[in-house]
Amino acid sequence: MTESIQARYEAAHDEGRPLLGGHRGDPAHHPENTMRSFRSAIAAGCDLIECDVHLSSDGRLVVIHDHALERTTNGTGLVRDHSAAELRRLDAGEGEHIPLLQEVVELAIGKVGLVIEIKQVPIQYPGLEDKLVAMLRQLGAVSECAVVSFHHPSIRQLRQMEPKLQLGILEGARPIDPARMLREAGADVYSPHWGATDPQLVKDIHAAGGAVGVWTVDDDAAVAWCRLCRPDSIFTNRPVEIGAAFRS
Ligand code: G3P
Ligand code: CA
């Protein structure tokens, strides 16, 4: 069933629960940011899956977390210095490849909301935003996806390009006025680390018409803090276990 990501947020709100997001898929059980990891997160009942996106040297949108290849693949060097074909030949764990973003979008459509983090810091990819919007439009996936980033100017740019796309700003610290940051970026979702969240922040973002999506909720302390703060979505590296904790 096709459901917009906004409708998913509204339904979960009505049910009084946060949306469950598989951060990089289900990396507790499969290599992060691989198709196997995303399929596992969907099977675990996630409402959302999150992935990280870079551009290859030939301008393809590829799914991997780091700017460098060493930690998660058998390759070396920077993602941006390799073509998509070269990246595809690498082993990303358990015989999996680095996915193209298009594959992940096609997997997610009609099943889960897809949260796409664009890695525009510290290395920037000029033109990434244009390619992303063009792809989402071409696949008819704009309403089912969100784009988030630590690079807030990119989010503001995306807002000007595509008013219907859900957008989120990532933040590691606890700013003085998070609602103002949300407004300045034209974003819909304020997305902090769970430890940089508090009940007043959630209240302020809701009063500004936004939603709060926290990461990375992986242990009992984080679950307890989220029960107190009541964010709208939680992203976890352990969707099976943390999903069960929120259901109990
Ligand atoms: O969803 C937000 C979170 O993914 C940001 O941090 O480094 O895990 O991509 P990182
Ligand atoms: Ca991420």
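Whatever order the structure lists ligands and atoms in, that order sets their numbers, starting from 1.
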task = Would you check whether H193 reaches within less than 4.0 Å of ligand 1, judged by its heavy atoms?
result = no

inquiry  = Please list the nearest protein heavy atom to atom 4 (O) of ligand 1 with its residue and the distance rounded to 0.1 Å.
reply    = H23 NE2, 2.6 Å

remark   = re atom 10 (P) of ligand 1, the protein heavy-atom contact at minimum distance is H65 NE2, 3.2 Å

query = Which residue holds the protein heavy atom closest to atom 8 (O) of ligand 1, what is that atom called, and what is the gap in Å?
reply = R24 NH2, 2.7 Å

ask   = Are I42 and I49 close enough that some pair of their side-chain heavy atoms sits under 4.5 Å apart?
value = yes

request  = Return the name of the atom in E117, of element N, O or S, nearest to the Ca ion (ligand 2).
outcome  = OE1

inquiry  = If the threshold is 4.0 Å, N to carboxylate O, is there a salt bridge linking D52 and K119?
reply    = yes

message = Given the ring of F246, does R227 sit roughly above its face, with NZ or CZ under 6.0 Å from the centre of the six-membered ring and within 45° of the axis?
response = yes

query = Starting from atom 1 (O) of ligand 1, which protein heavy atom do you reach first, and at what distance in Å?
reply = E50 OE2, 3.4 Å

ask   = Counting only heavy atoms, which portion of L170 has something under 4.0 Å from ligand 1: side chain, backbone, both, or neither?
value = side chain

query = Looking at the rings of W215 and Y190, which for Trp means the six-membered one, are their centres under 6.0 Å apart?
reply = no

ask   = If you look at E50, which of its N/O/S atoms is nearest to the Ca ion (ligand 2)?
value = OE2

request  = May I ask you to test the N33-T72 pair for a side-chain heavy-atom distance under 4.5 Å?
outcome  = no

key: Polar proximity ligand 1 side, W215 side, N/O cut 3.5 Å exclusive   = no

message = Just to be sure I read this right, does ligand 1 sit under 4.0 Å from the backbone of T216, its side chain, both, or neither, counting only heavy atoms?
response = neither

task = Below 4.0 angstrom from a heavy atom of D52, which ligand 1 atoms are there? Numbered from 1 as shown, please.
result = 9 (O)

inquiry  = Taking 4.0 angstrom as the limit and counting only heavy atoms of F150, give me the atoms of ligand 1 inside it, by number and element.
reply    = 5 (C), 6 (O)

task = Using a strict 4.0 Å threshold on nitrogen-to-oxygen distance, state whether R17 and E15 make a salt bridge.
result = yes

ask   = Among protein heavy atoms, which lies nearest atom 5 (C) of ligand 1, and at what distance?
value = E117 OE1, 3.4 Å

query = Around D14, counting heavy atoms of other residues, nucleotides and ligands shown, do more than 12 lie under 6.0 Å from its CG?
reply = yes

task = Indicate yes or no: does E103 engage R88 in a salt bridge with an N to O separation below 4.0 Å.
result = yes

ask   = Are the side chains of V104 and V63 in touch, meaning some heavy atoms are under 4.5 Å apart?
value = yes

Contacting atoms of ligand 1, where contact means under 4.0 angstrom from a heavy atom of K119 = 7 (O), 9 (O), 10 (P)

query = Do R71 and E32 meet the salt-bridge criterion of a basic N to acidic O distance under 4.0 Å?
reply = yes

query = Of all the N, O or S atoms in D52, which one sits nearest to the Ca ion (ligand 2)?
reply = OD1

